[in-house]
Novice: 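Sharing a structure, written as structure tokens. Questions coming.
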Amino acid sequence: MRCSGKLAMATAFGALLLTAQPAAARPPEPGAAARVRARILDGCVMGSAGTPRASHPVPRCRCYANGVVKAMTPADLQRYLRTGTISDALHDKAERLYAGC
């Protein structure tokens, strides 16, 4: 009986620690990288009017999206899902990635 009480207390404490973490410290939810990759690819290929941009071919945009997602930290993934933007630190790297694709 005493052990189960300690186990319940440890479980509750662990749950409290997990919920007390800032969002940036938590790992992204499953599938976050795939969703971010798809949104970056769509944004690269499609213009603001929803029509494909001739200057952004799909293979180059796919290369770019894959590279940006690989360069992202879990906090970057969460930020992109929340705001649709990348950090300033990642922005310069993203431009170099696109130029290299």
Novice: Restricting to pairs with a member in residues 62-101, which pass disulfide (SG to SG under 2.5 Å), not counting sequence neighbours?
Specialist: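 Qualifying pairs, neighbours excluded: C63-C101.
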
Novice: To the nearest 0.5 Å, tell me how far R62 CZ sits from N66 CG.
Specialist: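 Rounded to the nearest 0.5 Å, the CZ-CG separation comes to 8.0 Å.
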
Novice: What are the two closest non-hydrogen atoms of D76 and A71, and how far apart are they?
Specialist: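 Where D76 meets A71 most closely, the heavy atoms are OD2-O, 4.3 Å.
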
Novice: With sequence neighbours excluded, tell me which residues meet ring-ring contact (aromatic ring centres under 6.0 Å, His included) with Y64.
Specialist: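 By the ring-ring contact (aromatic ring centres under 6.0 Å, His included) rule, Y64 matches Y98.
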
Novice: Would you please name every residue forming a side-chain hydrogen bond (donor to acceptor under 3.5 Å, both in side chains) with R35, sequence neighbours left out?
Specialist: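 Testing R35 for side-chain hydrogen bond (donor to acceptor under 3.5 Å, both in side chains), a comparison that skips the adjacent residues, returns E29.
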
Novice: As a quick check of understanding, evaluate side-chain contact (heavy atoms from CB on, under 4.5 Å) for L81 and R39, giving each step before the final call.
Specialist: CA-CA 9 Å; L81 288 172; R39 287 175 60 183; 4.0 Å; yes

Novice: Quick one: closest heavy-atom pair of Y80 and V36, and the distance?
Specialist: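 Residues Y80 and V36, closest heavy atoms: CD2-CG1, 3.7 Å.
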
Novice: Looking only at non-hydrogen atoms, find the nearest pair between A94 and I86 and report the distance.
Specialist: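 For A94 and I86, the tightest heavy-atom pair comes out as CB-CD1, 3.9 Å.
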
Novice: Pick out which of R82, M72, R37 makes a side-chain contact (heavy atoms from CB on, under 4.5 Å) with L77.
Specialist: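 For L77, the side-chain contact (heavy atoms from CB on, under 4.5 Å) test succeeds with only one of R82, M72, R37, which is M72.
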
Novice: To the nearest 0.5 Å, what is the distance between CZ (R60) and CG (L41)?
Specialist: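 One finds 14.0 Å between CZ of R60 and CG of L41.
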
Novice: Going by the rule side-chain contact (heavy atoms from CB on, under 4.5 Å), which residues pair with A38 if we only count those two or more places apart in sequence or in a different chain?
Specialist: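 A38 satisfies side-chain contact (heavy atoms from CB on, under 4.5 Å) with no residue once adjacent residues are dropped.
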
